[in-house]
Amino acid sequence: MHPNGGAADLAARHRAARLTVLSGPSAVGKSTVVEAIRRHNPEVWLSVSVTTRRPRPGEVHGREYYFVTEPEFKEMAAGGELLEWARYTGNFYGTPRVPVSERLEAGIPTLLEVDVVGARQVRAAVPGALLVFLAPPSWEELVRRLTARGTEPADVISQRLDAAKDELRAENEFDITLVNTSVKDVCAQLVALVTAEPVKLSA
Ligand code: 5GP
């Protein structure tokens, strides 16, 4: 606690707010990890992306995603409203910029879940961001998870497997790798990273 409390404390937190990016191949378990953090860690703010993909059963507009049309998405991208965006196996995904900067300015630890292309854009746009790569325990396990999900047709699964091969090669561009052996362990490690104060190299 800052000795003066109140506004000064908030100001101290403001300077320390960290933007963390969680990325990794499709079906590695990013959304399961994010869902667990949503339930158990209200101290972490999870960015809600816009996407042109159709909702899966159980997904709620404004919770998992904002589901928009392609013209709506393109208008947002052209208007500079997205911090980053990417096309992923035929659909567009992007992070609305303003909600992220508002949370960071308020000192709230913020987590984005994006694909590898989006993570690279965040690296360029926000130099202090921490990039976390979520890796599967093995390639066989990733194939099993992607196939077992049962929400995508065969052609989409094969596109996602091709994308996953490229995404796995990007691991060394990230600051840290967490291996998804257990959702509970990964969440604990990730929340510790998200809420840690960034190291300051100068006063
Ligand atoms: P899904 O369709 O399975 O929800 O997501 C497909 C991929 O899009 C996942 O790798 C997910 O991390 C990524 N994704 C979700 N939201 C965003 C976003 O806002 N930007 C980018 N670049 N990728 C996203």
For E173, all residues meeting side chain to side chain contact (heavy atoms under 4.5 Å, CB included), sequence neighbours excluded | R120, A170
How would you list, by chain and number, every residue that makes a salt bridge (charged side-chain N to carboxylate O under 4.0 Å, His left out) with E141, sequence neighbours excluded?
-> R144, R145
Pairs under 3.5 angstrom only: tabulate donor-acceptor contacts from the side chains of residues 106-116 to other protein residues two or more places apart or in another chain.
| from | atom 1 | to | atom 2 | distance (Å) |
| --- | --- | --- | --- | --- |
| T110 | OG1 | I108 | O | 2.9 |
| D115 | OD1 | V117 | N | 3.4 |
| D115 | OD1 | G118 | N | 2.9 |

Please identify each residue that fulfils side chain to side chain contact (heavy atoms under 4.5 Å, CB included) with V48, with sequence neighbours left out.
-> Y66
Side chain to side chain contact (heavy atoms under 4.5 Å, CB included) involving E43 - partner list, sequence neighbours excluded | N41, V191, T195
List in chain and number order the residues that pass salt bridge (charged side-chain N to carboxylate O under 4.0 Å, His left out) with E70, two or more places apart in sequence or in another chain; answer none if no residue qualifies.
-> K74
Inter-residue atom distance T95.OG1 - L83.CG, 0.5 Å rounding = 6.0 Å
Hydrophobic cluster partners of F67 (side-chain heavy atoms under 4.5 Å) | Y65, Y88, Y93
Could I get the full list of salt bridge (charged side-chain N to carboxylate O under 4.0 Å, His left out) partners for D185, not counting sequence neighbours?
-> none
Kindly write out the residues that satisfy side chain to side chain contact (heavy atoms under 4.5 Å, CB included) with R169, not counting sequence neighbours, or none if the list is empty.
-> K165, D166
Pairing residues for F92 by the ring-ring contact (aromatic ring centres under 6.0 Å, His included) criterion, not counting sequence neighbours | F73, W85
Using the test salt bridge (charged side-chain N to carboxylate O under 4.0 Å, His left out), find all partners of R160 that sit at least two apart in sequence or belong to another chain.
-> none
Under the ring pair (Phe, Tyr, Trp, His ring centres under 6.0 Å) rule, what pairs show up with a residue in residues 102-155, not counting sequence neighbours?
-> F133-F174
Is any side-chain heavy atom of E84 less than 4.5 Å from a side-chain heavy atom of V126?
-> no
